[in-house]
Engineer: 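What follows is a structure written as structure tokens; I'll ask about it next.
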Amino acid sequence: MLHIDNLHVSVADKPIIKGLTLDLPAGQVHAIMGPNGAGKSTLSYTLAGRGGYEVTGGTATLDGDDLLALDPAARAAKGVFLSFQYPLEIPGVPALTFVRTALNAQRKARGEAEIGAPEFLKRARATAAALKMDFEMLRRGLNVGFSGGEKKRMEIFQMAMLEPRLLILDETDSGLDIDALRIVSEGVNALRSEGRSMLVITHYQRLLDYIRPDRVHVLAAGRIVASGGPELALELERDGYDKYASAA
Amino acid sequence: MAADQDTVDTVAALAGEKYAHGFVTDIEQEFAERGLNTDVIRFISAKKDEPQWLLDWRLEAYERWLALDEPDWARVHYPKIDYQDLYYYAAPKQKAGPQSLDEVDPELLATYAKLGIPLKEQAFLAGVQGSPRYAVDAVFDSVSVVTTFKAELAKAGVIFCPLSEAVREHPELVRKYLGSVVPVSDNYFACLNSAVFSEGSFVYVPPGVRCPMELSTYFRINALNTGQFERTLIIADAGSYVSYLEGCTAPMRDENQLHAAVVELVALDDAEIKYSTVQNWYPGDAEGKGGIYNFVTKRADCRGARSKVSWTQVETGSAITWKYPSCILRGDGSSGEFYSIAITNGRQQADTGTKMIHLGANTRSRIIAKGISAGHSSSTYRGLVSVHPKATGARNFTQCDSLLIGKTCAAHTVPYVEARNANAQLEHEATTTRLSEEQLFYVMQRGLSQEEAVQLLVNGFVREVLQELPMEFAVEAQKLVAVSLEGSVG
């Protein structure tokens, strides 16, 4: 699925990611953990194609296709979805309109027929119910006046509607209370499937109690410095990132 | 960031080229002699076969205009206009007063077809269900080419015709109301208009009648070095309702063209007028060369109790816009609304807003103004809310939002508030935001191209106002908004 090989990324001429290599096979969930400033958000933005994140070396491919050559919309159409740490507000654009516009843009890019309004609404209702969201919220401007938890839930709603193949969850647990964390995690777990991979980026182990990863990688100073099973996350929780920070 | 240089380049490349209505109609036209003097005014008046009182009215306006100074308080900059270098009358040569579409010059019909303006009534009557059906008065430079659906409107008692025809057919109405909202010497441009106005629409809706269809006037400036000075007069008698829309386009020319119109609305007891404008005059090229100077006076007099006037404007064109559609809330319980989207790109300048003059008791007004600036443009909202001593219980709500795209544009908000009645409730909200790279990226990450992302964000920003437009025009306006901002990503 996703292969990242010796990736180097600079932001404003400052190297942030310095030789990152990662293999994420289809159907697996990998966690990326690391201290603040390790390059976690830079990695997610780079994979999604945000401007200002300059790839100075290395490759990233999705099913063999060069991901880095595509613009953000084309990556989305290929199935890349980034759940933002701080989802943006879009005043005047109801969430339903937003998601339907996005879904149809992706389908068009893939040469598929647009989804009709009745089918879309049916799916939206079912998805909102599963996420315990008030459907009326989807008629309001996207994320406008939403709480942190509601915004994250809206990200998961979009994810479920767009059915991406590569999910990147950037600090999804930040700003969530324990109930919201559980609901959001359940939403993510419901999306786990054979053909879908997830990159769960987090600072804290607590999210991984809910979303169980197949592998855990430690990102420090722009590189993967350790990899292991879920037990690695527990070790980090206990000992902190100190030893990796100095190793890097 | 890199995106900013791209923005500047793309905007520069697109600013003058995207204008879809910039063609010139090659047609033989008749002009008044160049420049302005009493002979030219007499010529225009004679062309229109006007009665003596109207000629006198024009000449008096001209005398007063000579004594006025061009206003300079607006936040717009342009070289001094040489008023003697303009033509004040231009008309396509055709048989006097065509009685039906068959008699209209095919070249003119082709022009309106190209602009997408429907002049054939049959096309609607036979049209698919739900297709737009509205009456059109098509004004080409200084004359009206044709007015559709007149017969059907007449059945309902509604008069919809060119102003010059109304002067002949309904002199008592014209004489009673012309200049009663915007007095002859109200301001420099209105005064000039009063002297030389050549065409415009006249609407009268009798008491208790709900006008059976949307009315619209489509203004087209074609001739070179010619000013367009139309004058529109709409009267909604007691308990009546009318919805009216004006659209405007002009060819792409290197010379600036002057458009100084006057619009007067009169709403009597319990009457309602909804006036919408989709203004798409040629904005000039990327360097600011050419384009229309749009210096317009629009005012409504809510003369009757509980009368209501609603202005909705989508301003995307013109090199310079100077207009403040206003409401005089004279009748007790009358209300005025102003919904505006003003978009500037390239080197465009807009100084626009409204005045709500609360004279009567329990008068209400609502102002929603959305300004979008891109490129090197400048957009100013200028508004006045004035509550007079007798306007007990007056209420106003004002909301001004500005959206900036890129780093080289500017937005200004200049609200004036005068409250001379302690009882009045006035609310004012204003925001200025820049379309952020982060917001754009968020939308693009969901699968939208950069252009689509800007459109989505802008449409969201102006949604409240677009909703106020008649349905037939809302879609068109939405497209126009998108086209005006093509390539303006920042």
Side-chain angles (χ1 to χ4, degrees), chain A residues 11-12 44-45 47-54 70-95 97-110 112 140-144 151 154-155 157-159 161-164 168 170, chain B residues 1-7 10 339 341 368-372 399-404 406 429-468 474-475 477-478 481-482 489-490:
Chain A
V11 179
S44 56
Y45 283 144
L47 291 175
R50 183 167 180 179
Y53 291 76
E54 196 196 348
L70 303 175
D71 66 29
R75 296 184 203 199
K78 280 192 80 66
V80 176
F81 184 98
L82 170 61
S83 171
F84 282 59
Q85 182 177 2
Y86 303 108
L88 282 292
E89 299 187 0
I90 315 285
V93 182
T97 307
F98 179 78
V99 177
R100 190 165 167 226
T101 307
L103 183 57
N104 281 331
Q106 290 195 19
R107 289 173 79 118
K108 198 173 152 201
R110 292 193 291 260
E112 299 165 10
R140 291 172 23 205
L142 181 70
N143 292 332
V144 178
K151 285 181 182 173
M154 190 59 83
E155 293 289 283
F157 172 80
Q158 292 180 41
M159 199 185 278
M161 292 298 292
L162 296 172
E163 301 183 298
I168 306 164
D170 189 2
Chain B
M1 262 186 207
D4 291 321
Q5 191 49 49
D6 286 354
T7 304
T10 330
Y339 299 98
I341 299 171
I368 310 282
K370 305 271 182 177
I372 303 172
Q399 185 186 328
C400 302
D401 298 320
S402 304
L403 183 68
L404 304 174
E429 292 176 9
T431 64
T432 301
T433 45
R434 195 181 294 280
L435 197 68
S436 76
E437 180 271 334
E438 202 180 8
Q439 222 176 8
L440 272 176
F441 172 64
Y442 181 72
V443 179
M444 285 155 66
Q445 205 296 309
R446 299 302 187 242
L448 274 69
S449 70
Q450 190 159 268
E451 292 291 351
E452 291 166 337
V454 173
Q455 278 178 30
L456 183 93
L457 293 169
V458 167
N459 278 331
F461 178 73
V462 300
R463 196 166 91 116
E464 266 180 286
V465 175
L466 281 184
Q467 282 173 338
E468 295 298 326
V475 177
Q478 191 166 349
V481 167
V489 182

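Here the structure is a predicted model, which is why all the values come from computation and not from measurement. Numbers restart at 1 for each chain; the letters A, B, ... are given by sequence-line order, proteins then strands.
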Engineer: Check each atom of Val99(A) against the heavy atoms of chain B and say whether the ones under 4.5 Å are side chain, backbone, both or neither.
Structural biologist: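 Nothing of Val99(A), per the 4.5 Å heavy-atom cut-off to chain B.
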Engineer: Mind telling me whether Phe98(A) and Tyr442(B) have parallel, tilted or perpendicular rings, with 30° and 60° as the class edges?
Structural biologist: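 Plane angle under 30°, so parallel.
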Engineer: When heavy-atom pairs shorter than 4.5 Å are enumerated against chain B, which of Glu89(A), Glu155(A), Lys108(A) gives the highest number?
Structural biologist: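 Going by pairs under 4.5 Å, I would pick Glu155(A).
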Engineer: Out of Pro164(A), Ala12(A), Ala102(A), Pro87(A), return the one with the most heavy atom pairs under 4.5 angstrom to chain B.
Structural biologist: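 Max contact count across the listed options: Ala102(A).
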Engineer: Most heavy-atom pairs under 4.5 angstrom with chain B, which of Val93(A), Leu142(A), Asn104(A)?
Structural biologist: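 Top count of heavy-atom pairs under 4.5 Å with chain B: Val93(A).
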Engineer: Could you tell me which residues in residues 70-79 of chain A have at least one non-hydrogen atom under 4.5 Å from a non-hydrogen atom of chain B, sorted by residue number?
Structural biologist: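 At a heavy-atom separation under 4.5 Å, chain B is reached by Pro72(A), Ala73(A), Ala76(A).
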Engineer: Output, in order, the C-alpha distance, side-chain angles, deciding distance and verdict of side chain to side chain contact (heavy atoms under 4.5 Å, CB included) for Glu438(B) and Arg50(A).
Structural biologist: CA-CA 9 Å; Glu438(B) 202 180 8; Arg50(A) 183 167 180 179; 3.5 Å; yes
Engineer: Distance-only criterion, 3.5 Å: show the donor-acceptor pairs between side-chain atoms of residues 456-466 of chain B and protein atoms not counting sequence neighbours.
Structural biologist:
{"residue": "Asn459(B)", "atom": "ND2", "partner": "Gln455(B)", "partner atom": "O", "Å": "3.2"}
{"residue": "Arg463(B)", "atom": "NE", "partner": "Gly92(A)", "partner atom": "O", "Å": "3.0"}
{"residue": "Glu464(B)", "atom": "OE1", "partner": "Lys370(B)", "partner atom": "NZ", "Å": "3.2"}

Engineer: I'd like to know if the side chain of Gln445(B) and the backbone of Leu82(A) have a donor-acceptor N/O pair within less than 3.5 Å.
Structural biologist: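 Such a contact is found between Gln445(B) side chain and Leu82(A) backbone.
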Engineer: Indicate yes or no for a side-chain donor-acceptor contact from Arg446(B) to the backbone of Phe81(A) under 3.5 Å, with no hydrogens or angles considered.
Structural biologist: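 No; judged by distance alone, with no hydrogens or angles, the pair does not exist.
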